[in-house]
Amino acid sequence: MQLFKSQVVRVTNSLSGKKEVFNPIKAGYIGMYVCGPTVYSNVHLGNCRTFMSFDMIYRYFKHLGFKVRYVRNITDAGHLENDADEGEDKIAKKAKLEQIEPMEVVQRYTVDFHNTLQQFNFLPPSIEPTATGHIIEQIEIIKDILAKGFAYEVNGSVYFDVVKFNETNEYGKLSGRKLEDMIANTRALAAQDEKKNPQDFALWKKAEPQHIMRWPSPWGDGFPGWHLECTAMSTKYLGETFDIHGGGMDLKFPHHECEIAQAEASNQKSPVNYWLHANMLTLNGKKMSKSTGNNLYPSEIFSGDNNLLSKPYSPAVVRFFMLQAHYTSILDLSDDALLASEKGYSRLMEALGNLESLVATKKGEFDIEAWRNNCYKAMNDDFNTPILISHLFEAVKHINLIKENKERISESDKELLQKTIHEFIFDVLGIENQSAMEGDSNTLSGVVELLIELRNSARINKDFATSDKIRDELIALGIQLKDGKEGTTFSIN
RNA sequence: GGCAUCGUGGCCGAGUGGCUAGGCACAGCUCUGCAAAAGCUUGUACAGCGGUUCGAAUCCGCUCGAUGCCUCCA
């Protein structure tokens, strides 16, 4: 199945600021790089949103039949804390704080990262390279940039010469900045700085004697700079120019801008055709952030152990909630919004169950082909999952009508509907049916069936006190009975 | 201060020059022993002020407000 031959996908390219038709370099193949996490603390929900956006994009491309190589790195060498603290990196700082090895910190939070993403039903990337595993590649790139005259060495550190680069290239084209403006707005400080200009950034930093994470290099012992690892790993696994580079909006400047500069300095060509940026998840109207403490961990949502939400929410509900907003829009998390999503999610899953038992008769009024095309149209338009979901609810409405014999469906239409709805919900959106996973297989459903029988006989005998007691006690336990034309069913919340 | 984005009905959230996504909540109706579930119906919202246009929430300008980046951050 090579759906991509008939489906034209348009994406918002940050480089042009416009929606563009997506054309891969090699037909049928896609190279996609996404900036992964820095593993010095637990991933928070905001991080998850970005990775979820690209998980969805990865899933859709795969669904269309593309062969996708999806590379998402693990930053375990640590970015610099700031210019003032003598280049101590984050991993090392945390390690000292907790009196353990840096790689132990990395291991702990890498495991947490993977566990969390698994709960959200993320597909693993094709390659998940680490920064520490690519020190040699990074050193090679630095040598190359030095040789080409776009970097300079000072006291065992190497800096990228932004001003020099800007003479022949355009520094700031991704984020819409002009170097002259940036220089004009620079605060006059950092007197002891080794850099020629404040805009210059480190490719290699000399390690102070107490610095734990260090590697030998032509410039002495040290560690790689902020932005180099992504250039090294994306080039190694995807080539000098590849299709898609993704990441959070907050990485646009300076991180991605620097990646472009590094790659152009060493290869003389633009590294990426389509830059995609996922927008922020906010909490109380403010960006979630590790440094400010305005954040929520996934585990706190799943357990309900937090001060912000009235109840726990499952990973599938949170995923559904996030996909109800477009990935380029800011999304604000609140209890009301999650509550609404949870109900919508349940209704969707309920309909999915009803679909299986639908009796096919003859051609009905629901045009499945047209509906299916609309689903693709929504996804082709810059992965518009909110619109896709609105179409899914359109189908829900028809499923329920058919169930109540108010509409008909033919056998072939039913099969197409089932196939399509499963593909979009499970394969593309990656939403799991949690109630189906928990219920059914155990003894609970048998017990509920028994109670339904008892209640029905009570109702026949007009013993409503008993029948209502059964119904009300069950609802108190989170089991809802649903009286329909074909008998009584139930759902477990 | 510089650069950018956003401001949609009770809440969340799409859309984008005319045909008013969707979810949740609310109300009425159908169904029901009563409910719930499900279905149907109703809500004419696009920060404010000007302008362009036959026509703007959608384009342009200004004002106000919010957010993001400019320092590690998804």
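Reminder, nothing fancy here: chain letters follow the sequence lines and each chain counts from 1.
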Nearest-nucleotide pick for [X], side chain only, options being [options]:
X      : options             : result
A/L401 : B/A21, B/G39, B/G13 : B/G39
A/S289 : B/G33, B/G23, B/C73 : B/C73
A/M288 : B/C40, B/A74, B/C34 : B/A74
A/L281 : B/A74, B/A14, B/G33 : B/A74
A/S467 : B/A35, B/A14, B/G33 : B/G33

May I ask you to verify whether the side chain of A/R471 and the base of B/C34 hold a donor-acceptor pair under 3.5 Å? yes
Mind checking [X] for me? I need base, sugar-phosphate or nothing, with any heavy atom below 4.0 Å counting as a touch.
X      : answer
A/F464 : base
A/K403 : nothing
A/D483 : base
A/G172 : nothing
A/A325 : sugar-phosphate
A/I387 : base
A/G46  : base
A/S53  : nothing
A/G484 : nothing
A/N384 : sugar-phosphate
A/K286 : sugar-phosphate
A/R49  : nothing

Return yes when atom [atom1] of [X] has more than 12 non-hydrogen atoms of other residues, nucleotides or ligands closer than 6.0 Å, and no otherwise.
X      : atom1 : result
A/K403 : NZ    : no
A/K482 : NZ    : yes
A/K173 : NZ    : yes

Would A/R319 count as a cation-pi partner of A/F122, with NZ or CZ less than 6.0 Å from the six-membered ring centre and within 45° of the ring normal?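 Judged by the rule (NZ or CZ under 6.0 Å from the ring centre, within 45° of its axis), A/R319 counts as positioned above A/F122.
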Would A/R347 count as a cation-pi partner of A/F393, with NZ or CZ less than 6.0 Å from the six-membered ring centre and within 45° of the ring normal?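 Negative - A/R347 is either too far from the ring of A/F393 or too far off its axis.
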Considering all heavy atoms of both residues, which atom of A/R72 and which atom of A/P125 are nearest to each other, and what is their separation? NH2-CD, 3.4 Å
What is the distance, rounded to the nearest whole Å, between atom [atom1] of [X] and atom [atom2] of [N]?
X      : N     : atom1 : atom2 : answer
A/K287 : B/U71 : NZ    : P     : 13 Å
A/R408 : B/G39 : CZ    : P     : 17 Å
A/F393 : B/A38 : CZ    : P     : 11 Å
A/M379 : B/G22 : CE    : P     : 19 Å
A/K343 : B/C12 : NZ    : P     : 16 Å
A/E404 : B/U32 : CD    : C1'   : 12 Å
A/D468 : B/C34 : CG    : P     : 11 Å

Want to settle it: does A/L331 or A/H391 sit nearer the 5' end of RNA chain B, counting the closest nucleotide to each? A/L331
Please determine, for B/C69, whether a Watson-Crick or G-U wobble partner exists with both distances under 3.5 Å, and give it or none. B/G2
Has A/F51 got its ring stacked on B/A74, by the test of a centre gap below 5.5 Å and a plane angle below 30°?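 No; by the centre-distance and plane-angle rule, A/F51 does not count as stacking on B/A74.
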